[in-house]
> 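Before I ask anything, here is the structure I am working with.
In what follows, chains are A, B, ... by sequence order, proteins preceding strands, each numbered from 1.
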Amino acid sequence: MPVISLTTDFGLKDGNVGVMKGVIWRICPTAQIADISHLIVPQNIREAALILFRSAPYFPAGTIHVVVVDPGVGTARRPIAARIGVQYFVCPDNGILTPLLERAEEQGQTVEIVHLDKLNYWLPEVSRVFHGRDIFAPCAAHLADGVPLRALGTPITDPVRLDLPKPVRTETGWRGEVIHIDRFGNVASNIHSKHLRESQADKSGIIVKVCGVEIRGLVDTFGERPEGELIALLGSTGNLIVSVVNGNAAARLNVKIGDAFDAIFS
Amino acid sequence: MPVISLTTDFGLKDGNVGVMKGVIWRICPTAQIADISHLIVPQNIREAALILFRSAPYFPAGTIHVVVVDPGVGTARRPIAARIGVQYFVCPDNGILTPLLERAEEQGQTVEIVHLDKLNYWLPEVSRVFHGRDIFAPCAAHLADGVPLRALGTPITDPVRLDLPKPVRTETGWRGEVIHIDRFGNVASNIHSKHLRESQADKSGIIVKVCGVEIRGLVDTFGERPEGELIALLGSTGNLIVSVVNGNAAARLNVKIGDAFDAIFS
Amino acid sequence: MPVISLTTDFGLKDGNVGVMKGVIWRICPTAQIADISHLIVPQNIREAALILFRSAPYFPAGTIHVVVVDPGVGTARRPIAARIGVQYFVCPDNGILTPLLERAEEQGQTVEIVHLDKLNYWLPEVSRVFHGRDIFAPCAAHLADGVPLRALGTPITDPVRLDLPKPVRTETGWRGEVIHIDRFGNVASNIHSKHLRESQADKSGIIVKVCGVEIRGLVDTFGERPEGELIALLGSTGNLIVSVVNGNAAARLNVKIGDAFDAIFS
C-alpha cells in the first residue's frame with residue numbers, strides 16, 4: 001500500500017485537506033495518507049520546508065510527500081515532482097525542498113526533478129487558485145499508482161532554492177538563530193549536533209545564549225532537572241534546543257523565529 | 001476499499017472523532033476514512049452544508065459522507081441516509097443536504113433517501129446524546145460493507161430543507177452575501193460564475209462591493225497583483241471571492257458571514 | 001487490517017504525529033491508524049487517561065492504542081505495553097492506564113503488562129526526548145505486525161497508578177467533581193449512572209449543584225428544553241453532565257476541572 005503524506009497551510013476547518021484525499025483515492029484507492037501538518041503559517045514556505053525536512057526521513061521508502069504552501073499559485077511558478085533518494089516530493093517550485101536537496105548533496109543521494117507539465121495527469125478542470133486539488137494531489141496519486149516520475153513531466157535541474165540561515169563559526173563557538181518553536185514551547189536553533197562535534201565541544205562546558213539568558217552546560221534529557229528549570233539540550237532531530245522542564249521556554253523567554261542563538265565554548 | 005468521509009462539529013480534542021472511526025472499523029475494517037472538517041462552528045448546520053457541498057464532488061463514486069452537526073440529537077428529528085447521484089450521505093434530517101439536493105435536481109441526478117429506522121444496524125446501546133457514534137457511524141459502516149441503502153431504513157421523500165440565501169438580480173448586477181471565510185481570510189460570496197455567465201458580464205468591468213469597499217475588475221489569480229492588494233476573483237469552487245494577495249481580506253474588511261456582497265456591471 | 005489509535009499532547013502543527021505514522025507504516029504497512037486526540041494539555045496525564053478510557057471501548061478487538069503524554073521522557077520511567085481484555089496499549093508507565101486497569105479489575109478482564117526492554121523492536125537510534133517516535137510507535141507497529149506482547153518486553157505487575165478522584169456518598173447524595181469540559185462546553189462529572197442506580201435515585205428528584213447553581217431533575221436529552229436553558233443529564237459515557245441547550249455551560253458557569261459537583265436526592 002503506497003504511502004502519501006500531506007503538508008499544507010490549509011488549516012483543518014475548510015475541507016480542503018479532505019478534498020485532496022478524495023482526489024487521491026479516486027486515482028489510487030489503496031493509498032495510505034498521513035497528515036504531517038496543515039497548520040503551517042499561511043504562505044510560510046520556510047516553516048513548511050523545515051517541518052517536512054524533519055519528518056520525511058521517518059517515512060517508508062517510496063513515500064510520496066505532497067507539500068502545498070503556495071503563495072505563487074496560478075502564476076508562472078512551476079509545479080514540480082522530485083525523487084530525492086528513495087522518496088518522492090510533489091509541490092510548487094518555490095524552494096520548499098531546499099533543505100532536503102542540500103542534505104541529498106551532502107550524502108550523495110541521487111535526485112531527479114520534473115516540471116509537472118503533462119496535463120493528462122492533472123484534474124480535467126484546473127482552477128487558478130487551488131493547485132493542491134487540481135495538480136499536486138492527482139500527480140501524487142498517479143505516482144502512487146505506478147506512473148513513473150518521468151512520465152509526469154519534463155526533467156529540470158534548476159529548482160528554486162531558499163537562502164536558509166546557516167550557523168556561523170565564531171571565535172568562541174557558533175552563532176545560529178531560532179528556527180522553530182513547537183507546541184511545548186521548546187525553542188530550536190539551527191545549530192546541530194554535527195556543528196558541536198566538528199568543534200569537539202565538551203557538552204558540560206557549552207554556554208547557550210538566547211534572548212539575553214545564559215544556560216551553562218547541556219543536559220541529556222528533561223528529567224535531569226527540576227520542573228520549571230530552563231535547560232539546553234539536543235532535540236529529537238539533533239538540533240540544539242532550549243526548554244523549560246514541563247514548562248514553556250518560548251513563553252518564558254519571549255523568543256521569536258530568527259532571534260540570535262549562540263553556543264559558546266567556555 | 002470503500003471510502004467514508006467525516007464532517008462534524010466535534011472538534012479535535014475530545015476523542016469523539018476517533019471513537020466514530022473505531023466504530024466504523026469494527027464493522028468495515030477496510031474502510032478508508034477521510035476527515036473533511038471537525039471544526040464546524042457548534043450546531044452550525046448551514047456551515048456544515050456548505051463545506052460538504054464544496055468537498056463531496058471530489059470524492060470517488062460510492063463514497064459515504066457522514067455528517068454530524070446535530071443540535072436536535074435525541075429529539076424526534078430523523079436520522080437519514082441518502083444516495084444522491086453516485087455518492088451516499090448519512091446524517092440527521094436537519095437540512096444539511098439542501099445544497100446537494102438542489103444541485104441534484106438542477107442536474108437531473110437521481111436521489112433516494114431513507115429514514116434510518118432499522119435498529120439492527122445501530123449500536124446495541126444507543127445514547128440520547130451521541131448519535132454520531134451510535135447510529136450514523138455504524139449505519140455508514142454497514143453501507144460501506146455492502147448493505148443496500150434500502151435495508152437501512154424506510155424510504156422518505158420529504159427531507160428537511162434549509163432556506164439558503166440566493167443572490168438576487170438587481171438593475172445593475174447581482175446582490176449576494178458573504179457565505180464563507182476561509183483560513184486565509186478569503187471572503188466567499190454566494191454569487192457564482194454561473195450567475196455572471198448568465199448576465200454575460202465582462203470580467204474587467206465588474207465592480208465588487210463589500211463592507212463599503214469597491215474593487216474594480218476581476219483578476220484571474222493572486223499573482224497578478226502586488227502583495228497586500230485587495231482583489232476580486234473566482235475562487236476554487238467558482239464563487240466570487242474577495243482576497244488580499246498573501247494577506248487576509250476578512251481581517252482587513254472586518255467582514256462577517258451574511259454581510260451584503262454586490263457584483264455591479266459598469 | 002490491524003487498527004492503531006494515537007493519543008498525544010503533540011498538537012497538530014509540528015509534524016510529530018505524522019512522523020509516528022511514517023514509523024508505523026515502515027514496519028506494518030497495512031495498519032489503519034486513527035487519531036484519538038493530539039490536543040491533550042501538555043503533560044496532562046490525567047486528561048489523556050480520561051479521553052483514552054472513554055474512547056478505547058468503541059474500537060475493534062485487537063486494536064493497539066498508543067498514548068504518548070510523557071513528562072518523564074528520557075528518565076527512568078519505563079516504557080510499557082499492556083493487553084487489557086482484548087485490546088493493547090503502548091505508553092509510558094506513568095499512570096495513563098489507571099482507569100482502564102480499574103475497569104478491567106471490576107469486570108474480571110485479564111491483564112498482561114510488559115516493560116518494553118527489547119531494544120531490537122525500537123528504532124536503531126533512540127533520542128532522549130521523543131520516545132513516541134523511537135520506542136512507542138515501532139513497538140506498536142511490531143505488535144500490529146504479529147509480534148507477541150511477551151516478545152516485546154519483560155512481564156511486570158506493578159504499573160504506576162494515578163490516584164483518581166472518586167465521587168463520595170454523602171448523607172444526601174453524591175459529591176463528585178468536574179473531570180472534563182468538551183468543545184460544546186458540556187461539563188462532565190465523575191458521578192456515573194452506576195452511582196445513581198446504586199442509590200436508586202429518582203431522576204426527576206435529583207438536584208445537581210455546580211458553581212453555586214442548582215438544576216432540579218435530569219432530562220433525557222438536549223431537545224427537551226428550550227435553547228439556552230441549563231440542564232443536567234447523563235452524557236454519552238454515562239457520566240452526569242451539565243449543559244446548556246445549544247449553548248456553552250462551561251462558559252456560562254465559569255467552571256473548571258476539579259470544581260465540586262453534587263448530585264442531591266431530594
> Tell me, side chain or backbone of A:Asp35 under 4.5 Å from chain B's heavy atoms, or both, or neither?
neither

> Check whether A:His131 gets within reach of chain B through its side chain, its backbone, both or neither, counting any heavy atom under 4.5 Å.
neither

> Whether the side chain of A:Ser127 engages the backbone of B:Ser236 through a donor-acceptor N/O pair (distance < 3.5 Å, no angle test) should be reported.
no

> Measuring heavy-atom distances to chain B, does A:Arg77 have an atom under 4.5 Å in its side chain, in its backbone, in both, or in neither?
neither

> Nearest heavy-atom pair of A:Arg128 and B:Asp220: which atoms, and what distance?
CB-O, 3.2 Å

> Could you look at A:Leu123 and say if it's the side chain, the backbone, both or neither that has a heavy atom under 4.5 Å from chain B?
side chain

> Step through the shown structure and confirm whether more than 12 heavy atoms of other residues, nucleotides or ligands are within 6.0 Å of CZ on B:Arg216.
no

> Let me confirm one number: the CD1-CD1 distance from B:Ile33 to A:Ile33, rounded to the nearest 0.5 Å.
12.5 Å

> Is there a side-chain contact between A:Gln43 and B:Val245 in this structure, where contact means two heavy atoms from C-beta onward sitting under 4.5 Å apart?
no

> Against chain A, work out which of B:Ser37, B:Gly223, B:Ser243, B:Ser5 has the most heavy-atom pairs shorter than 4.5 Å and name it.
B:Ser37

> Could you measure the distance from the CD1 atom of B:Ile36 to the CG atom of A:Asn16? Nearest 0.5 Å is fine.
10.5 Å

> Using a heavy-atom distance cut-off of less than 4.5 Å, which residues of residues 53-61 of chain B contact chain A?
B:Arg54, B:Ser55, B:Pro57, B:Tyr58, B:Phe59, B:Pro60

> Tell me, out of A:Leu39, A:Thr75, A:Val17, who's got the most heavy-atom pairs with chain B below 4.5 Å.
A:Leu39

> Any non-hydrogen side-chain atom of B:Met1 less than 4.5 Å from a side-chain atom of A:Thr30?
yes

> When only pairs under 4.5 Å are counted, which of A:Gly18, A:Gly74, A:Gly22, A:Ala76 shares the most heavy-atom pairs with chain B?
A:Gly22

> From A:Lys21 NZ over to B:Thr63 OG1, what is the distance, rounded to the nearest 0.5 angstrom?
13.5 Å

> Out of A:Ile24, A:Asp9, A:Leu12, which one racks up the most heavy-atom pairs below 4.5 Å with chain B?
A:Asp9

> Please determine whether the number of non-hydrogen atoms from other residues, nucleotides or ligands lying under 6.0 Å from atom NZ of A:Lys256 exceeds 12.
no

> Can you tell which of A:Val129, A:Val23, A:Asp134, A:Val73 has the highest number of heavy-atom pairs within less than 4.5 Å of chain B?
A:Val129

> Taking every non-hydrogen pair under 4.5 Å, which of B:Glu47, B:His38, B:Glu227 racks up the most with chain A?
B:Glu47

> With a 6.0 Å cut-off (strictly less than), is the heavy-atom count around CG of A:Asp158, excluding the residue itself, greater than 12?
yes

> So if I take each residue of residues 181-189 of chain B and look for any heavy atom under 4.5 Å from a heavy atom in chain A, which residues do I end up with?
B:Ile181, B:Asp182, B:Arg183, B:Phe184

> Might you confirm whether atom CD of B:Gln107 has over 12 heavy atoms from other residues, nucleotides or ligands at distances under 6.0 Å?
yes

> Heavy-atom cut-off 4.5 Å, strictly under: side chain, backbone, both or neither for A:Ala137 against chain B?
neither

> Report yes if the side chains of A:Pro29 and B:Gln32 come closer than 4.5 Å at any heavy-atom pair, otherwise no.
no

